[in-house]
Amino acid sequence: MSVRVRFAPSPTGALHIGGVRTALYNYLFARQQGGTFILRIEDTDQTRYVPGAEQYIIDTLKWVGLLPDEGVGFGGDKGPYRQSDRKEIYQRYAHELVQRGHAYYAFDSAETLEKRREAEENFTYNHLTRQALDNSLSLSSEETDKRLKAGEPFVIRLKVMPGRPIHINDLIRGEVVFQSSELDDKVLLKADGMPTYHLANIVDDHLMEITHVIRGEEWLPSTAHHVLLYEGFGWTDTMPRFSHLPLILKPVGNGKLSKRDGAKFGMPVFPLEWNGATPEESFSGFRDTGFLPEAVINFLALLGWHPGGEQEIFSIDELVQAFSVDHISKGGARFDYEKAKWFNQKYIQAADNAVLASYIGPLAAAKGYNPSEDYLQQVAALMKERVTFLPDFVETGYYLFEPVREYDRETFQKKWTPAVADFFAELIKMVATFDHFNAAALEEAVKHFMQEKGFKPGDVLPLLRIALAGTMKGPAVFDMAVALGREETVRRLEALTRL
RNA sequence: GGCCCGUUCGUCUAGGGGUUAGGACGCAGGAUUUUCAUUCCUGUAACACGGGUUCGAUUCCCGUACGGGCUACCA
């Protein structure tokens, strides 16, 4: 039987970076096993639906390159893949479960139960309390039918039989045991006719022939209910294998990484930018911060999983090759932004100049620059070993696109003597008429000229650097000169003499 | 509170009954580069605690502590 896995997010806002990791692990597993990776949209909570969130999920998967084989927006013959489009299916199965004696109708309103919980701290709807509540187990069948026919609102609840252990064999955690007596009678079908996660997820996984469920640790406690559902439907022989992933924790302090942490620690926790209704609900993402998607993938892959060995940089193909569920850690992983930055730096360094140019182009255009493709590639080559984020190319390296805005006056004054000034006048003439404008030849010529006039490199080179870039930081002087071209180099040298 | 999961350097992790407990990020120092960065080298630093089991436990078992998750007609 071929492997089929699903990534099943809820469109309730921007997709959290932890969700991207879940998608990644599902993807890696599917690819490695020659299986199928499915995107299912779990939008059964109408009250939490956020327009644009579904598209955000799809855009994210496209950006990081985790393309589903089936799913909303990707086709497939096991659809529909959006749960709100499957409402009738769940209703049918929910009623079937009642027929089979594993579920029942309950008429208690949400408000009544809420009041009950306020009064009794540990109130639970379960085998101990259900006889005293308003449902088809406590009511006569005539009364139940009457209420149903009258159109009284109802939910369908799972009938949990007490007194037995439920064993789960988690691929990451090993055997986990729950006692059925401690489980509540979970709502399966809500009063609005929509299923809860529990029902929808079991019905869909069964119908979509899912073989492995790889999801967050927060689902582990309800997995016992899910097993009961598979049993109730008689689907135990095709029940998927479960793997519950560790959580991603805050960089410092306690608790799991939250969307607020982005602003708090000055780092992205979402893949893409998200424009919410208010500034507080709007977030920047890894993409607009200037991360390469490959770097994000590499970083995320190693946040909670490691194949052993000492390799750190993995291409997506290498990840697919090396991935295995049993090498996923059990403990939560702290979000390490410094490491994420390091990965990005590494990926930028290793990237093709042409690839980099395709990223720098739009960034440059946004600043009003209009460089040629060839020039962008030169900028990429010059700066790729000195940047962390993509925008650094046009920000730290702005002087490659426009005249120097600010000079390092301190160094300038230290080096600028009347003798040097005289030398500069001659140097400018020399450069202006220099024919073979390539870095090696220019360096050779300038150094030779310096020597002839009795100057040391340290007397002149810093000034050349300041003339071209304004700062003591940056690419090699003669490389910059060549990139800028003879005219511009001369112009900048002259500008320095007027300082 | 109840149920469940977890715990190796500051962080991500490898490892697993006998190891100098390995790598990476970060940090510190050095070399190269007349800049910065890159690169390279060196250093820093960990098996939560207490009991078992064992000739021997960081590794296996049980507790404790700490952390986390769940406990909705949310996912």
Side-chain angles (χ1 to χ4, degrees), chain A residues 8-12 19 42-48 83 106 108-111 113-114 117 121-125 153-157 168 170 172-174 176-179 181-184 186-198 200-201 215-224 244 246-247 249 251-252 254-256 299 302-313 327 329-343 345-346 349 382-388 392 396 408 411 456-462 464-466 469 471-477:
Chain A
S10 278
T12 55
E42 310 230 334
D43 57 345
T44 55
D45 187 350
Q46 303 164 324
T47 64
R48 291 211 306 161
Q83 291 186 328
D108 323 80
S109 73
E111 295 72 40
L113 296 174
E114 207 171 307
R117 282 191 197 95
E121 196 146 344
N122 291 324
F123 171 73
T124 313
Y125 209 121
F154 69 92
V155 301
I156 290 179
R157 283 183 180 270
I168 290 152
D170 191 281
I172 295 171
R173 288 151 210 285
V176 180
V177 185
F178 295 88
Q179 293 302 324
S181 312
E182 278 154 4
L183 269 29
D184 65 333
K186 285 238 176 297
V187 169
L188 301 177
L189 194 73
K190 302 185 265 189
D192 65 1
M194 281 296 224
T196 58
Y197 171 84
H198 308 294
N201 135 71
R215 69 206 331 180
E217 191 182 8
E218 66 270 27
W219 295 110
L220 188 50
S222 57
T223 305
H244 288 95
L247 266 40
L249 276 16
V252 295
N254 296 338
K256 63 175 175 180
F299 165 66
L302 262 29
L303 201 59
W305 168 81
H306 199 282
E310 289 170 2
Q311 188 176 350
E312 297 284 334
I313 303 294
H327 273 87
S329 325
K330 298 185 181 90
R334 249 178 226 285
F335 188 82
D336 184 359
Y337 191 51
E338 290 304 317
K339 192 87 173 242
K341 280 166 29 181
W342 177 79
F343 274 113
Q345 202 181 2
K346 281 292 194 187
Q349 277 172 34
L382 250 25
M383 294 297 292
K384 68 202 284 189
E385 290 191 334
R386 306 162 227 269
V387 300
T388 303
D392 293 345
T396 351
D408 178 345
T411 309
K456 291 192 295 261
D459 299 330
V460 178
L461 261 29
L464 280 177
R465 168 174 300 287
I466 290 173
T471 163
M472 285 306 290
K473 300 177 179 181
V477 177

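Source: prediction; values computed, not measured. Order of the sequence lines sets the chain letters (A, B, ...), proteins ahead of strands, with each chain counted from 1. The basis for the numbers below is simple: all heavy atoms, side chains too, and nothing from hydrogens, waters or symmetry mates.
For the OP1/OP2 pair of B/U39 and a distance below 4.0 Å, the side-chain nitrogens and oxygens of A/Gln349 include at least one atom meeting the criterion. Residue A/Lys384 has no polar side-chain atom (N or O) positioned under 4.0 Å from OP1 or OP2 of B/U39. Taking side-chain N and O atoms only, A/Gln345 has a distance below 4.0 Å to OP1 or OP2 of B/U38.
Note: CD (A/Gln179) to P (B/C3) measures 11 Å, nearest angstrom. Remark: C1' of B/U33 and NZ of A/Lys473 are 16 Å apart, rounded to the nearest angstrom. Taking atom NZ of A/Lys330 as the reference point, atom C1' of B/C12 lies 17 Å away to the nearest angstrom. The CD1-C1' distance, from A/Ile466 to B/U35, rounds to 10 Å in whole Å. Atoms CG (A/Asp392) and P (B/U38) sit 13 Å apart, rounded to a whole Å.
With both ends at atom C1', the span from B/C5 to B/A46 equals 23 Å, rounded to whole Å. Rounded to the nearest Å, the gap between the C1' atom of B/C66 and that of B/C60 is 22 Å. Between B/G15 and B/U32, the distance separating the two P atoms is 39 Å to the nearest Å. Between B/C55 and B/U8, the two P atoms lie 30 Å apart (nearest whole Å). A gap of 15 Å separates the C1' atoms of B/C47 and B/U20, to the nearest Å. Rounded to a whole angstrom, the distance from the C1' atom of B/C25 to that of B/G43 is 16 Å. Here, B/U19 and B/C41 have their P atoms 28 Å apart, quoted to the whole Å. For the P atoms, the distance from B/A75 to B/U38 is 48 Å, rounded to whole Å.
By the ring-ring contact (aromatic ring centres under 6.0 Å, His included) test, A/Phe154 pairs with A/Tyr105, sequence neighbours left out. Considering only residues two or more places apart in sequence or on other chains, A/Trp342 meets the ring-ring contact (aromatic ring centres under 6.0 Å, His included) condition with none of them. In this structure A/Phe299 satisfies the ring-ring contact (aromatic ring centres under 6.0 Å, His included) test together with A/Phe335, sequence neighbours excluded.
Between A/Arg48 and A/Asp45 a salt bridge is recorded (basic side-chain N to carboxylate O distance below 4.0 Å). The existence of a salt bridge linking A/Lys341 and A/Glu338 is confirmed by a sub-4.0 Å separation between a basic side-chain nitrogen and an acidic carboxylate oxygen. Electrostatic pairing of A/Asp184 and A/Lys186 counts as a salt bridge here, judged by a charged N lying under 4.0 Å from a carboxylate O.
Across all strands shown, the partner of B/G1 is B/U71, judged by Watson-Crick or G-U wobble contacts whose two distances both fall under 3.5 Å. B/U54 makes up no base pair with any nucleotide shown, lacking Watson-Crick or G-U wobble contacts both under 3.5 Å. The nucleotide B/C40 finds its pairing partner in B/G30, both defining distances of the Watson-Crick or G-U wobble pair being shorter than 3.5 Å. Under the Watson-Crick or G-U wobble criterion, with both distances below 3.5 Å, B/C66 is paired with B/G6. Across every strand in view, B/U11 sits in a pair with B/A24 that passes the Watson-Crick or G-U test at under 3.5 angstrom. Within the shown strands, nothing qualifies as a pairing partner of B/C47 under the Watson-Crick or G-U definition with both distances less than 3.5 Å.
Of the listed nucleotides (B/G6, B/U35, B/C3), B/G6 has the atom at the smallest distance from the side chain of A/Arg173. In this structure, of B/U38, B/G23, B/G6, it is B/G23 that holds the atom nearest to the side chain of A/Glu312. For A/Glu310, taking side-chain heavy atoms from C-beta onward, the closest of the listed nucleotides B/C3, B/G22, B/C4 is B/G22. Each of B/C4, B/U11, B/A75 was ranked by its minimum atom distance to the side chain of A/Phe178; first place goes to B/C4.
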Seminar exercise, completed: With sugar-phosphate taken as primed atoms, P, OP1 and OP2 and all else as base, the protein-contact string of nucleotides 67-73 of chain B at under 4.0 Å (heavy atoms; B, S, -) is SSBS-SB
Filtered N/O pairs between nucleotides 43-48 of chain B and protein, under 3.5 Å:
none

Report, one pair per line, the protein and nucleotides 13-15 of chain B atoms (nitrogen or oxygen only) whose separation is under 3.5 Å.
unit_1, atom_1, unit_2, atom_2, d
B/U13, OP1, A/Gly304, N, 2.6

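If you find the closest nucleotide of RNA chain B to A/Phe343 and to A/Arg465, the one lying nearer the 5' end belongs to A/Phe343.
Residue-level contact check: A/Asp336 touches the bases, meaning some heavy atom is under 4.0 Å from a base atom.
When atom types are taken as modelled, the side chain of A/Thr471 and the backbone of A/Lys473 share a donor-acceptor pair closer than 3.5 angstrom. Side-chain atoms of A/Lys190 come within 3.5 Å of backbone N or O of A/Thr44 as a donor-acceptor pair.
Each of A/Gln345, A/Lys346, A/Lys339 was compared with A/Phe343 under the side chain to side chain contact (heavy atoms under 4.5 Å, CB included) criterion, and only A/Lys339 meets it. Evaluated for a side-chain hydrogen bond (donor to acceptor under 3.5 Å, both in side chains) with A/His244, the options A/Lys330, A/Arg173, A/Arg215 yield exactly one hit, A/Arg215.
If you take CH2 on A/Trp219 and NE2 on A/His198, they are separated by 6.0 Å, rounding to the nearest 0.5 Å.
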